[in-house]
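Remarks on the structure that follows.
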Amino acid sequence: MTIIATLLQVIPYYFDIPVLSNVASTATNAVLLIVACATFVGVISVLMVHAKRVQRRTEGWYFSGLIIVFVVIMVLTGLPLQEFGLGSKNSIFNWIFTNIQTPLGGTMYSILAFFITSAAVRAFKARNIEAAIVLVSGTLMVMGNAPIFTNTVPVLVDISLWIRNIPNMATMRGVMIGAALGAVALAVRTLMGIERGYLRGGGED
Amino acid sequence: MSIMDKINNLDRRIIYLLAWIFVLFPLIFPLGLPIPISSDARSWYNFVENNVHDGDTVIFSLMYGTSGMPELFPMSVATMKHILQKDVKFVVLGFWTEGPLVFNALLRQVNPADYGKVYGVDWINLGYIPGGETAMGALATSFQNSVAVDFVEGRPLSDFPIMDNIRTATDIDLIISFETGTPGAPEWLRQWNTAYGVHIIVGCIGVSVPGMIPYINSGQISALMPGLTVSAEYELLLNKPGLAVAGVDAVSTSHLLIVLLVVIGNLAFFMTKEEKK
């Protein structure tokens with residue numbers, strides 16, 4: 001089944017065979033349906049995990065209670081039933097998204113600024129030659145991305161672009177090609193039946 | 001413990017406090033620092049200006065959630081303003097669950113109706129399409145088979161005149177994708193660029209930029225908008241200063257803090273090293 005399902009997607013990508021393309025398209029649409037249904041599994045799973053925590057009064061159970069309340073509210077108000085005033089235009093749904101989820105999401109991402117500043121101070125120390133290279137290139141990249149520096153020293157832009165476009169690109173290409181070769185090897189092993197861990201979520205026999 | 005030792009072992013809470021002050025100060029008291037225009041901003045502006053022609057059809061894809069909004073939302077708004085100035089049709093869609101809701105927030109900043117664009121005729125919102133890369137591949141072969149109804153009115157795609165001429169990837173001239181992760185540019189490239197030759201331009205968060213450079217260099221991605229600073233430059237090129245210009249002073253001061261702390265930290269590191277010798 002794995003071989004058939006894989007080849008069904010791979011062959012039409014490279015060869016124009018209408019019959020295979022149609023079958024592949026049908027299989028792909030089936031996958032979309034399965035993924036869409038999996039959304040419900042996700043919601044149920046979240047509710048079950050947090051309901052258990054509330055039931056057992058484990059540490060921080062009240063946060064789990066909050067999650068349950070908001071999941072239920074968002075699911076109910078976001079149901080695609082426009083004739084009942086529900087869906088993405090629902091005022092409660094929109095209020096929660098705009099005034100709770102959006103600032104919380106932004107805050108989570110913005111916390112990175114604090115961690116990066118702290119990490120840069122600790123990591124950017126010229127302990128040896130390799131660390132010195134990281135220090136210099138990292139600091140130049142930081143400076144090349146801030147108008148406060150590039151206004152006064154315009155050449156910083158060229159330097160940071162050079163670091164980004166030459167050494168960085170060479171490294172990233174190496175990483176990408178290596179990962180792609182690894183993926184091809186894994187695919188071939190799977191197709192040949194050597195790699196069977198995915199069937200039971202464990203390792204090989 | 002000497003002062004250099006103290007600097008060397010600076011409590012992270014002090015660093016956090018300094019970072020907070022350096023970010024907050026310019027947001028309350030804007031510095032209005034001049035913003036030089038980089039080649040990235042020019043490439044993006046020139047691509048949209050010169051390579052998006054009247055009559056083209058564009059996919060406008062928001063592949064991020066609320067966490068990506070601080071960095072990606074300003075460039076999404078600015079690009080939408082640029083696109084709306086042209087006589088193009090556009091399809092809004094996302095393979096991230098929150099994408100359509102972020103687009104609703106964008107509509108509060110830019111209303112296509114103000115530019116004479118009619119929903120269903122000049123643009124359409126297909127909402128979230130589940131399935132990641134598989135869904136991208138399916139959409140490329142058939143819009144109508146992959147999406148049952150539109151996101152705004154919940155009506156079949158056949159009800160909208162714009163969809164009469166949009167059936168497969170071959171009907172699309174450009175993808176504009178703003179993204180924070182997977183699925184994102186590599187998936188678009190595999191399913192739409194390599195397979196159908198559709199041009200793609202990508203706006204991404206700063207940490208994703210190194211991974212995008214090979215695609216830019218190979219020409220697979222036609223233009224890249226790397227982070228908030230370049231968004232601010234793009235807003236200036238458009239002559240529509242907005243959210244990014246407002247935030248770029250904070251980028252400057254936070255970067256200044258990092259450089260200062262790195263310099264002081266290294267001085268302290270070497271001085272304590274000498275003392276120990």
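Naming convention: chains lettered A, B, ... in sequence-line order (proteins, then strands); numbering from 1 in each chain.
- Using a 4.5 Å cut-off between heavy atoms, L257(B) contacts chain A through its side chain alone, with no backbone atom that close.
- Between F269(B) and R127(A), some side-chain heavy-atom pair lies under the 4.5 Å cut-off.
- F151(B) places none of its side-chain heavy atoms less than 4.5 Å from the side chain of V92(B).
- The part of L161(A) that comes within reach of chain B is its side chain, from C-beta onward, which places non-hydrogen atoms under 4.5 angstrom from that chain.
- Between E71(B) and L228(B) the shortest side-chain heavy-atom distance falls below 4.5 Å.
- W192(B) places a side-chain N or O within donor-acceptor distance of the main-chain N or O of M136(B), the cut-off being under 3.5 Å.
- Listed options I35(B), N217(B), L261(B) were ranked by heavy-atom pairs under 4.5 angstrom with chain A; first place goes to N217(B).
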Check your understanding: Are T180(B) and W96(B) close enough, and set up right, to give a side-chain contact (heavy atoms from CB on, under 4.5 Å), and what steps lead you there?
Key -> CA-CA 10 Å; T180(B) 50; W96(B) 281 57; 3.2 Å; yes
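- Residue Q82(A) touches chain B through its side chain alone, counting heavy-atom pairs closer than 4.5 Å.
- Heavy-atom contacts from other residues, nucleotides or ligands closer than 6.0 Å to CZ of R155(B) number more than 12.
- Note on D40(B), L10(B), T253(B), L31(B): by heavy-atom pairs under 4.5 Å with chain A, the leading option is D40(B).
- The closest donor-acceptor contact from the side chain of D150(B) to the backbone of G154(B) lies under 3.5 Å.
- Interface residue L135(A): only side-chain heavy atoms are found under 4.5 Å from chain B.
- With hydrogens and angles disregarded, no donor-acceptor distance shorter than 3.5 Å links the side chain of S208(B) to the backbone of C204(B).
- Heavy-atom pairs under 4.5 Å with chain B peak, among S25(A), S118(A), P103(A), at S118(A).
- Using a 4.5 Å cut-off between heavy atoms, F124(A) touches chain B through backbone and side chain atoms alike.
- With 3.5 Å as the limit, one finds no donor-acceptor pair spanning the side chains of E98(B) and Y64(B).
- Heavy atoms of T134(B) lying under 4.5 Å from chain A belong to its backbone as well as its side chain.
- Heavy-atom minimum distance, P70(B) versus G106(A): CG-CA, 3.7 Å.
- Between chain B and the options N145(A), T139(A), T28(A), T39(A), the largest number of non-hydrogen pairs under 4.5 Å is found for N145(A).
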**OP:** Let me see the working for R190(B) and Y13(A) under side-chain contact (heavy atoms from CB on, under 4.5 Å), right down to the final yes or no.
**Re:** CA-CA 10 Å; R190(B) 279 196 291 267; Y13(A) 191 87; 4.3 Å; yes
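- Options A146(A), A113(A), S21(A) differ in how many heavy-atom pairs under 4.5 Å they form with chain B, and the most are formed by A146(A).
- Looking only at heavy-atom pairs under 4.5 Å with chain B, the residue among T98(A), N168(A), V31(A) that has the most is N168(A).
- With a 4.5 Å cut-off on non-hydrogen atoms, F93(A) touches chain B through its side chain but not through its backbone.
- When the shell of 6.0 Å around CZ of F63(A) is examined, it contains 12 or fewer heavy atoms from other residues, nucleotides or ligands.
- Using a 4.5 Å cut-off between heavy atoms, P34(B) contacts chain A through both its backbone and its side chain.
- In terms of heavy-atom pairs under 4.5 Å with chain A, the best-connected choice from T66(B), L18(B), V263(B), N145(B) is T66(B).
- Atom CD of E59(A) has 12 or fewer heavy atoms from other residues, nucleotides or ligands within 6.0 Å.
- Considering only heavy-atom pairs separated by less than 4.5 Å from chain A, the leading option among S67(B), P186(B), S142(B) is S67(B).
- When the candidates I15(B), I213(B), V259(B), N8(B) are compared by the number of heavy-atom contacts under 4.5 Å with chain A, I213(B) comes out ahead.
- With a 4.5 angstrom heavy-atom cutoff, T102(A) touches chain B via backbone and side-chain atoms both.
- Contact count against chain B (heavy-atom pairs under 4.5 Å) is highest for V142(A) among V121(A), V35(A), V142(A), T150(A).
- Put simply, the side chain of K89(A) reaches to within 4.5 Å of the side chain of V152(B), judged on heavy atoms.
- Inter-residue side-chain proximity for L106(B) and V102(B) is flagged as unmet; no heavy-atom pair is nearer than 4.5 Å.
- Proximity to chain B is absent for every atom of M108(A), based on heavy atoms less than 4.5 angstrom apart.
- Heavy-atom pairs under 4.5 Å with chain A were tallied for E153(B), Q191(B), K273(B), E233(B); the largest tally goes to E153(B).
- Contact annotation for A135(B): both backbone and side-chain heavy atoms come within less than 4.5 Å of a heavy atom of chain A.
- Proximity to chain B (any heavy atom under 4.5 Å) is shown, for N165(A), by both the backbone and the side chain.
- Heavy-atom distances place the side chain of R122(A), and not its backbone, under 4.5 Å from chain B.
- Contacts between F270(B) and chain A at a heavy-atom distance below 4.5 Å involve the side chain alone, from C-beta outward.
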